[in-house]
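Okay, so here's the structure we're looking at.
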There are 2 protein chains.
Amino acid sequence: MYAVLCPCRDVLDVLAGKWSALVIGALESGPQRFGVVQKRLEGVSPKVLTRTLRRLEEYGFVTCTVFPAVPARVEYELTDLGRGAAGPLAQLREWVEGHVDLMRR
Amino acid sequence: MYAVLCPCRDVLDVLAGKWSALVIGALESGPQRFGVVQKRLEGVSPKVLTRTLRRLEEYGFVTCTVFPAVPARVEYELTDLGRGAAGPLAQLREWVEGHVDLMRR
DNA sequence: CAGTATCCAAAAGGATACTG
DNA sequence: CAGTATCCTTTTGGATACTG
């Protein structure tokens with residue numbers, strides 16, 4: 001974990017954005033369209049969401065499928081890597097929800 | 001998780017830095033001095049480490065204890081909240097180490 | 001619908017030197 | 001030892017308008 005060459009560092013770097021973990025959480029329930037993800041995240045601009053999704057895709061957490069239609073239907077889905085990250089993130093979420101009293105902010 | 005008012009967002013925001021999760025990992029084994037944490041993290045500058053620690057402290061993930069001596073001995077330790085976050089982070093680390101082949105970078 | 005383009009402000013990161 | 005101070009670059013985030 002502490003070693004510079006540990007792959008965990010890369011995973012953490014990608015998860016480090018303000019929205020990355022939230023996007024993974026939003027996709028936990030299955031493939032979602034761009035607009036749906038944006039709505040579920042409450043407050044993310046299209047530009048930032050696009051950048052976040054592209055990076056998650058680049059690192060292999062998410063896949064993007066374009067269904068040829070007019071207008072295009074684009075769905076984002078977790079990969080195995082994405083689901084692997086989603087587990088611990090869900091656990092963190094559950095733990096926090098059960099210990100809100102510990103939060104200082 | 002998706003709601004703006006969910007405390008998970010705050011937790012994720014703090015964990016969002018490049019070094020935050022790493023610092024929590026470094027403190028998992030018990031209280032550590034500033035210099036030790038810096039060495040274990042490999043590559044963090046004192047300024048950035050200080051900022052990271054201050055923020056973790058501010059949000060209640062870490063405590064800072066100064067032992068009066070010359071030179072001062074300063075130890076950082078996880079709080080209950082910090083340990084609560086450390087669990088899922090350790091799980092993520094273990095999962096990643098067992099599935100390095102999935103990593104694209 | 002699913003983005004891109006543009007502009008800007010703020011935050012984060014990093015190197016190095018210095019101090020009680 | 002445990003930071004601060006300084007300077008600078010890169011990244012991130014956000015608002016808004018526009019397009020195939």
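Note that this is a predicted model, so its numbers are computed, not measured. Note on naming: letters A, B, ... go to the chains in the order of the sequence lines (proteins, then strands), and numbering restarts at 1 for each one. Note: hydrogens, waters and symmetry copies are ignored here, and every other heavy atom, side chains too, is used.
- Taking only side-chain nitrogens and oxygens, A/Arg54 comes nearer than 4.0 Å to OP1 or OP2 of C/dT4.
- Rounded to whole Å, atom P of D/dG13 lies 11 Å from atom CG of A/Leu22.
- In terms of position on DNA chain C, the residue among B/Thr52 and A/Ala72 whose nearest nucleotide sits closer to the 5' end is A/Ala72.
- Between A/Arg51 and C/dG3 there is no side-chain N or O to OP1 or OP2 distance below 4.0 Å.
- In this structure, A/Lys39 places its NZ atom 14 Å from P of C/dG3, rounding to the nearest Å.
- For C/dC1, neither phosphate oxygen OP1 nor OP2 lies less than 4.0 angstrom from any side-chain nitrogen or oxygen of A/Tyr76.
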Legend entry - Working for side chain to side chain contact (heavy atoms under 4.5 Å, CB included), residues A/Leu12 and B/Trp19: CA-CA 9 Å; A/Leu12 288 176; B/Trp19 301 102; over 6 Å; no
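- Backbone-only engagement by B/Arg33 is indicated by non-hydrogen atom pairs under 4.0 Å involving sugar-phosphate atoms exclusively.
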Hey, can you pull the donor-acceptor pairs under 3.5 Å for the side chains in residues 42-49 of chain B, sequence neighbours left out?
unit_1	atom_1	unit_2	atom_2	d
B/Ser45	OG	B/Val48	N	3.3

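- Side-chain atoms of B/Arg73 never come within 3.5 Å of backbone atoms of B/Arg33 as a donor-acceptor pair (strictly under, hydrogens ignored).
- For A/Trp19 and D/dG13, the CH2 to P distance is 9 Å, given to the nearest whole Å.
- One atom, CD of A/Glu75, and another, C1' of C/dC1, lie 13 Å apart when rounded to the nearest Å.
- If you measure from atom CD of A/Glu58 to atom P of D/dT11, you get 12 Å, rounded to the nearest angstrom.
- For A/Leu12 and C/dA12, the CG to P distance is 17 Å, given to the nearest whole Å.
- Contact between A/Cys64 and A/Glu57 at its shortest, heavy atoms only, is CB-OE2, 3.5 Å.
- C/dA10 atom C1' lies 14 Å from atom CG of B/Asp13, rounded to whole Å.
- Looking at every heavy atom in both residues, A/Gly84 comes nearest to B/Leu92 through O-CD1, 4.4 Å.
- Within the 4.0 Å cut-off from OP1 or OP2 of C/dA2, not a single side-chain nitrogen or oxygen of A/Arg73 is found.
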Legend entry - 5'-to-3' dot-bracket of DNA chain D (Watson-Crick, G-U; under 3.5 angstrom; crossing pairs as [ ]; | other strand): ||||||||||||||||||||
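- Between C/dA11 and B/Arg55, no contact under 4.0 Å exists linking OP1 or OP2 to a side-chain N or O.
- Linking Ile, Leu, Val, Met, Phe, Trp and Tyr residues whenever their side-chain heavy atoms come within less than 4.5 Å places A/Val23 and B/Tyr2 in a single cluster.
- Using a 4.0 Å heavy-atom cutoff across all strands shown, A/Gly43 reaches no nucleic acid atom at all.
- Listed nucleotides C/dT4, D/dC1, C/dA15 differ in distance to B/Pro71; the shortest reach to its side chain belongs to D/dC1.
- Counted by atom type alone, A/Thr79 and B/Arg104 present zero donor-acceptor pairs between their side chains at under 3.5 Å.
- When rounded to the nearest whole Å, the span between CG of A/Leu49 and C1' of C/dA2 equals 10 Å.
- Map B/Leu53 and B/Lys47 each onto its nearest nucleotide of DNA chain D; the residue landing nearer the 5' end is B/Leu53.
- At least one side-chain nitrogen or oxygen of B/Lys18 sits closer than 4.0 Å to the OP1 or OP2 atom of C/dG14.
- Scanning both residues, A/Arg55 and A/Val14, for their nearest heavy atoms gives NH2-CA, 3.7 Å.
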